[in-house]
Amino acid sequence: MKRGFCYLLLACCLTMCWNVVAAQKKAGPYVLVIHGGAGTILKKNMSPEMEEAYKASLKRALEKGYGVLKNGGSSLDAVEATVRVLEDDSLFNAGKGAVFTHEGRNEMDAAIMNGKTRAAGAVAGVTVIKNPISAARAVMEKSEHVMMIGPGAEKFAKEAGLEIVDPSYFRTESRWKSLQKALKEDSLASARSNAYTNPGKLGIINKDNKFGTVGAVALDKQGNLAAATSTGGMTNKKYGRVGDSPVIGAGTYANNNTVAVSCTGWGEYYIRNVVAYDLSALMEYKGLSVQDAGKTVIKKVGDMGGDGGLIALDKNGNMAMPFNTEGMYRGTVTKDGKMEVLIYK
Ligand code: ASP
């Protein structure tokens with residue numbers, strides 16, 4: 001009798017454990033995935049306070065976007081709201097806290113895309129728009145264009161009623177110090193080389209001089225996907241340089257038939273590999289899963305000498321967050337509100 005009871009108890013425990021494991025495996029579908037940049041992010045270089053600050057900030061952004069989606073808002077509203085939180089946070093290389101160009105300016109790029117209509121909007125090289133992601137959305141919804149740049153984009157954003165700030169708003173001491181360091185490395189490198197070994201190169205972009213581009217991809221209750229990316233680009237970038245983030249199909253892409261993607265990394269490689277669209281095409285034409293397509297495109301970037309990562313969310317709520325750097329600030333939230341924030345490999 002006693003033995004029978006023990007067996008029964010054991011069976012109950014095993015069933016409970018099995019259910020917990022099954023529930024964990026079933027986690028999802030994911031509704032919002034975010035990143036805050038990829039790079040040489042090592043635990044040994046991070047103080048516990050900094051780590052906490054990054055995690056708290058990523059959580060704040062996830063909460064904002066999740067709130068929009070939970071209340072039946074569109075994925076487009078969710079990605080814009082999420083990216084705005086990260087743009088306003090000086091920890092990230094987007095909006096306030098953007099990195100400095102070679103000339104000591106903050107020049108920002110951003111893009112947004114609606115997976116349902118494949119409408120897209122982007123701005124590049126903007127210096128006074130407080131939230132470049134909202135300017136990208138305005139270009140998408142209030143103009144007949146997809147991309148606007150520099151003073152023209154700024155004029156348009158002002159006319160669209162967006163908040164305009166003094167360029168000094170974006171300045172942070174840590175990013176300024178990063179530029180000074182990069183300039184020093186730059187002059188040392190050019191002293192060592194000559195016109196033959198370094199032909200026509202206007203300085204050097206060190207691949208470690210970029211972290212903290214931000215991005216979000218979301219799936220709403222109506223089954224629509226959207227993607228958004230915002231960045232200050234790369235420290236010490238040259239005049240007029242535009243990265244992959246605002247280039248539709250390179251750093252940002254969304255298509256309800258396949259996937260929403262936001263990239264981060266060495267932009268030149270992402271443009272040359274048309275990474276975000278390539279990921280979508282691998283799913284559409286080759287039938288790859290979002291994870292396999294994600295791995296494939298990051299490998300292509302790596303094989304060419306580039307580095308970085310991306311976030312991708314498919315129409316069924318499956319997600320991937322591949323990267324070939326030491327770390328990538330990232331976070332997810334599933335339908336039931338379960339959040340996860342990660343930094344290292
Ligand atoms: N992809 C961005 C750029 O090249 C930088 C980054 O994501 O870190 O402008």
Side-chain angles (χ1 to χ4, degrees), residues 33-41 54 58 83 86-87 89-95 97-102 105-112 122-127 132-133 136 147 149-150 170 174-175 178-179 182 203-217 227-253 261-279 294 297-298 300-302 304-312 321-330 343:
V33 183
I34 64 171
H35 71 77
T40 319
I41 308 164
Y54 274 109
L58 291 168
V83 165
L86 297 168
E87 282 179 339
D89 190 326
S90 62
L91 282 179
F92 298 97
N93 171 20
V99 298
F100 284 91
T101 66
H102 188 67
R105 287 154 54 88
N106 302 113
E107 291 180 3
M108 290 152 285
D109 306 332
I112 193 162
V123 292
V126 295
T127 59
I133 198 63
M147 185 187 279
I149 63 160
F170 300 102
S174 67
R175 300 293 190 195
S178 300
L179 173 66
I204 285 164
I205 283 189
N206 178 336
K207 71 184 172 92
D208 287 337
N209 281 335
K210 49 139 186 67
F211 300 118
T213 289
V214 307
V217 289
T229 314
S230 183
T231 187
M234 295 173 84
T235 304
N236 199 22
K237 65 182 180 182
K238 298 304 162 298
Y239 26 75
R241 184 263 187 187
V242 174
D244 61 309
S245 312
V247 178
I248 299 302
T252 308
Y253 188 70
V261 187
S262 171
C263 301
T264 175
W266 197 340
E268 279 70 11
Y269 291 91
Y270 280 73
I271 295 174
R272 290 162 64 199
N273 282 291
V274 204
V275 170
Y277 181 73
D278 194 27
L279 197 163
V297 294
I298 290 300
K300 280 192 193 178
V301 168
M304 213 185 245
D307 68 346
L310 61 84
I311 51 169
M321 304 189 288
F323 55 96
N324 67 2
T325 49
E326 283 76 4
M328 180 168 85
Y329 299 108
R330 59 203 189 277
I343 300 179

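For the numbers below, each heavy atom of this structure counts, side chains included, while hydrogens, waters and symmetry mates do not. Fair warning: this is a prediction, and the values are worked out from it, not measured in the lab. Atoms within a ligand are numbered from 1 in the order they appear, just like the ligands themselves.
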- Query: Less than 3.5 Å between some nitrogen or oxygen of Gly267 and one of ligand 1, yes or no?
  - Reply: yes

- Query: Can you list the ligand 1 atoms lying under 4.0 Å from a non-hydrogen atom of Gly233?
  - Reply: 5 (C), 9 (O)

- Verify, without hydrogens or angle tests, whether Asn273 (side chain) and Val275 (backbone) share a donor-acceptor contact under 3.5 angstrom. no

- Taking both backbone and side-chain atoms of Thr213, is any N or O found less than 3.5 Å from an N or O belonging to ligand 1? yes

- Query: Backbone N or O of Asp307 within a donor-acceptor pair of the Asn324 side chain at under 3.5 Å?
  - Reply: no

- Query: Taking distance alone, with no angle check, do Asp244 and ligand 1 share an N/O pair under 3.5 Å?
  - Reply: yes

- Task: Could you name the option among Glu268, Met328, Arg241 that has the heavy atom nearest to atom 9 (O) of ligand 1?
- Result: Arg241

- Query: If we ignore angles and hydrogens, is there a donor and acceptor under 3.5 Å between the side chains of Glu87 and Ser230?
  - Reply: yes

- Item | Asp89 CG to Tyr54 OH distance, which is reported to the nearest 0.5 Å | 8.5 Å

- Query: Should Gly265 be listed as contacting ligand 1, given a heavy-atom distance under 4.0 Å as the test?
  - Reply: yes

- Task: Go through Glu268 and Met304 one step at a time and tell me if the side-chain contact (heavy atoms from CB on, under 4.5 Å) criterion holds.
- Result: CA-CA 11 Å; Glu268 279 70 11; Met304 213 185 245; over 6 Å; no

- Donor-acceptor pair between Thr231 and Thr213 side chains, under 3.5 angstrom: yes

- Task: Find all atoms of ligand 1 within a distance of less than 4.0 Å from any non-hydrogen atom belonging to Thr264, and give their numbers and elements.
- Result: 6 (C), 7 (O), 8 (O)

- Output the list of atoms in ligand 1 that are nearer than 4.0 Å to some heavy atom of Gly243, sorted by atom number. 9 (O)

